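Please read these numbers as outputs of a predicted model, since none were measured by experiment.
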Amino acid sequence: MGSTLEAKSLRKAVVPPTLLENPSPGNLQSTRLALHVNEDSSSCWVYIASGCNIYRLQIPLEDSWLSTGKEGLLIPETKEVIESLLLKRCPHRSEIQSIVLTEIESTGYLVLASVDAYGHLIVSKLDASGKDVDKITYSVLPRDFGVGEGSWSGVCFSPIQWSMAAVARSFCKSVDVYDQDIHLRTLRTLWYPSSLSFMRNLGHGNESSILAVTEGCQLSVWDLRIKENGGCLNRICGSAGDIFYAVCSSSTGNIAVGGADRTVTIYDPRRWSAISRWVHCSKYEITGLAFSSLDPDYIFVQGVDYEVFCGQWQESSKVFSFRGDSNWLGFSKCSNRDILGGWCDSGSIFVVDVIAKG
């Protein structure tokens with residue numbers, strides 16, 4: 001595309017202790033943050049989950065400057081939280097493990113999904129202005145009614161059909177697919193699932209039916225329309241013993257995975273082969289990945305050593321990076337814009353705005 005990405009601003013705001021003093025620990029995956037930029041881009045709503053609740057904070061995006069330290073490390077500008085509150089919605093009964101946010105095209109509504117350690121899914125409709133509509137769209141209890149031990153659970157929406165959601169439950173080795181509150185099918189993984197993503201732009205008009213799941217040191221790909229092999233289309237093994245923790249798909253259809261091997265591997269789903277490996281790009285395990293919306297040749301990578309960086313994956317070159325001030329509890333990118341948010345154990349929230357130049 002010829003353009004390069006650069007950071008326009010990096011902000012740091014602190015969750016008011018009166019709202020939330022000590023966040024619950026969660027799991028290694030940083031899946032407890034979601035964000036949405038207001039229509040006039042003056043501020044963004046950041047949603048974070050701790051314990052059984054979800055909190056919402058408004059962070060300003062205007063009037064910014066950017067400073068960098070050595071090796072291009074971005075230095076955050078401190079901002080005050082404009083507004084913060086506990087979201088009024090049906091509470092979970094165990095610790096929330098993942099939250100995701102999607103926009104319903106042309107309706108002005110946002111849809112927020114949360115899943116707890118036992119796989120209980122709650123989906124709420126919110127006004128795009130950030131005001132609660134205060135009505136639960138639906139709530140789905142797990143298939144086994146939550147018996148057994150709790151574990152990491154993940155949720156993702158279909159990119160073209162917001163009513164379709166997939167819920168992964170680690171210890172159960174299962175992925176349940178729902179159309180609103182109707183259970184469509186259960187996929188049985190071989191290992192503990194750790195991340196999941198619907199695939200995009202495969203050219204067959206089937207974006208809502210192909211699901212990528214990381215489980216153990218494997219990437220498994222599932223087609224919700226087929227019965228053979230339990231729906232599993234393919235399994236790609238990474239290096240033995242190195243568990244994957246993150247998967248994402250790009251607007252061009254490529255899939256990225258990362259994990260304990262500190263390497264970002266990009267797969268072409270048309271050939272089921274690795275087209276790029278950015279080896280040891282992170283100092284420690286990778287637990288968050290997101291392709292750029294501006295240019296899918298760039299990817300955002302989040303590691304457990306507080307680092308987040310943006311890089312060109314074909315050239316294995318970093319463009320910029322910044323560090324949190326403690327363990328990441330949440331890390332996410334806006335679904336259609338290159339604005340990323342991260343939430344640390346210390347209560348700090350970082351928001352970076354990325355633009356294309358050239």
Side-chain angles (χ1 to χ4, degrees), residues 5-16 19-20 23 30-50 53-66 74-89 96 98-105 107-114 124-133 157 162 248 288 290-294 298 300 302 308 310 320 322-325 328-344 346-356:
L5 299 190
E6 64 177 9
K8 179 184 167 192
S9 64
L10 173 64
R11 291 167 181 75
K12 174 185 169 182
V14 177
V15 177
L19 182 74
L20 174 62
S30 317
T31 47
R32 294 190 293 158
L33 177 145
L35 73 163
H36 171 73
V37 179
N38 289 356
E39 282 178 10
D40 60 2
S41 300
S42 62
S43 65
C44 67
W45 294 110
V46 177
Y47 296 82
I48 55 173
S50 175
N53 292 310
I54 295 179
Y55 304 86
R56 192 188 72 211
L57 303 101
Q58 188 178 7
I59 294 173
L61 291 178
E62 290 177 318
D63 306 327
S64 63
W65 48 269
L66 186 71
L74 306 181
I75 298 168
E77 176 190 5
T78 303
K79 290 281 189 182
E80 292 293 319
V81 171
I82 300 170
E83 184 192 341
S84 62
L85 53 85
L86 167 67
L87 216 59
K88 286 188 286 228
R89 74 200 285 270
I96 296 170
S98 297
I99 60 174
V100 289
L101 196 61
T102 191
E103 211 169 329
I104 310 177
E105 287 297 327
T107 62
Y109 285 113
L110 301 171
V111 180
L112 177 72
S114 56
S124 321
K125 212 171 180 181
L126 309 169
D127 198 317
S129 67
K131 296 184 176 68
D132 303 343
V133 175
F157 284 116
W162 74 267
C248 68
F291 279 104
S292 163
S293 297
L294 290 166
Y298 289 81
F300 301 102
Q302 176 255 320
V308 171
C310 170
F320 65 80
F322 67 93
R323 290 175 67 81
D325 52 19
W328 293 108
L329 301 180
F331 168 77
S332 181
K333 187 182 90 65
C334 279
S335 55
N336 54 357
R337 298 182 58 170
D338 278 4
I339 294 180
L340 295 95
W343 170 43
C344 291
S346 62
S348 298
I349 289 179
F350 294 84
V351 178
V352 62
D353 189 355
V354 180
I355 55 171

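Contact between Pro60 and Ser43 at its shortest, heavy atoms only, is CA-CB, 4.0 Å. Considering every non-hydrogen atom in both Ser41 and Leu61, the closest pair reads O-CB, 3.6 Å. Of all the heavy atoms in Leu101 and Leu110, the pair that sits closest is CD1-CB, 4.2 Å. The two residues Leu57 and Pro16 have their closest heavy-atom pair at CD2-CD, 3.7 Å. In terms of heavy-atom proximity, Leu66 sits nearest to Lys8 at CB-O, 3.8 Å. Smallest separation of non-hydrogen atoms from Trp343 and Pro23: CZ2-CB, 3.6 Å.
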Verdict with reasoning, Val37 to Trp45, per side chain to side chain contact (heavy atoms under 4.5 Å, CB included):
CA-CA 6 Å; Val37 179; Trp45 294 110; over 6 Å; no

Residue pair Ile54, Ile48: steps toward the side chain to side chain contact (heavy atoms under 4.5 Å, CB included) verdict:
CA-CA 6 Å; Ile54 295 179; Ile48 55 173; over 6 Å; no

Check the pair Leu340, Val351 against side chain to side chain contact (heavy atoms under 4.5 Å, CB included), reporting the backbone distance first and the verdict last.
CA-CA 6 Å; Leu340 295 95; Val351 178; over 6 Å; no

Given side chain to side chain contact (heavy atoms under 4.5 Å, CB included), test Phe322 with Val352 step by step and report yes or no.
CA-CA 9 Å; Phe322 67 93; Val352 62; 3.7 Å; yes

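A distance of 9.5 Å separates CG of Leu329 from CG of Leu33, quoted to the nearest 0.5 Å. Here the NZ atom belonging to Lys12 is positioned 12.0 Å from the CD1 atom belonging to Ile75, to the nearest 0.5 angstrom. One finds the CG atom of Asp353 at 4.0 Å from the CD1 atom of Ile339 (value rounded to the nearest 0.5 Å). Note that the CG atom of Leu87 and the CD1 atom of Ile99 stand 9.0 Å from one another [nearest 0.5 Å]. The CG atom of Asn53 sits 9.0 Å away from atom CG of Leu20, with the distance rounded to the nearest 0.5 Å. Separating the CD1 atom in Ile96 from the OG atom in Ser114 is a distance of 5.0 Å, to the nearest 0.5 Å.
Arg11 and Thr78 form no side-chain donor-acceptor contact under 3.5 Å, judged by distance and modelled atom types alone. Using modelled atom types and a 3.5 Å distance limit, the side chains of Lys333 and Ser293 yield a donor-acceptor pair. For the 3.5 Å distance criterion, the side chains of Ser348 and Asp325 qualify, holding a donor opposite an acceptor. Under 3.5 Å, the side chains of Ser42 and Glu62 contain no donor-acceptor pair of N or O atoms.
Using a 4.5 Å cut-off on side-chain heavy atoms (C-beta onward), Cys344 and Phe350 make contact. Using a 4.5 Å heavy-atom threshold, the side chains of Leu5 and Ser292 count as touching. Looking only at side-chain heavy atoms (C-beta outward), Val111 and Leu126 stay at 4.5 Å or farther from each other. Looking at Val46 and Gln58, their side chains never come closer than 4.5 Å, going by heavy atoms from C-beta outward. Taking the side chain as every heavy atom from C-beta outward, Glu6 and Ile355 approach each other to under 4.5 Å. Taking the side chain as every heavy atom from C-beta outward, Arg32 and Phe331 never approach each other to under 4.5 Å. By the 4.5 Å heavy-atom criterion applied to side chains, Glu83 and Leu85 are counted as neighbours. Inter-residue side-chain proximity for Leu35 and Tyr47 is flagged as unmet; no heavy-atom pair is nearer than 4.5 Å.
Relative orientation of the Phe300 and Phe320 rings is tilted, given thresholds of 30° and 60° on the angle between their planes.
Under the 4.0 Å criterion applied to side-chain N and carboxylate O atoms, Glu77 and Lys79 are assigned as salt-bridge partners.
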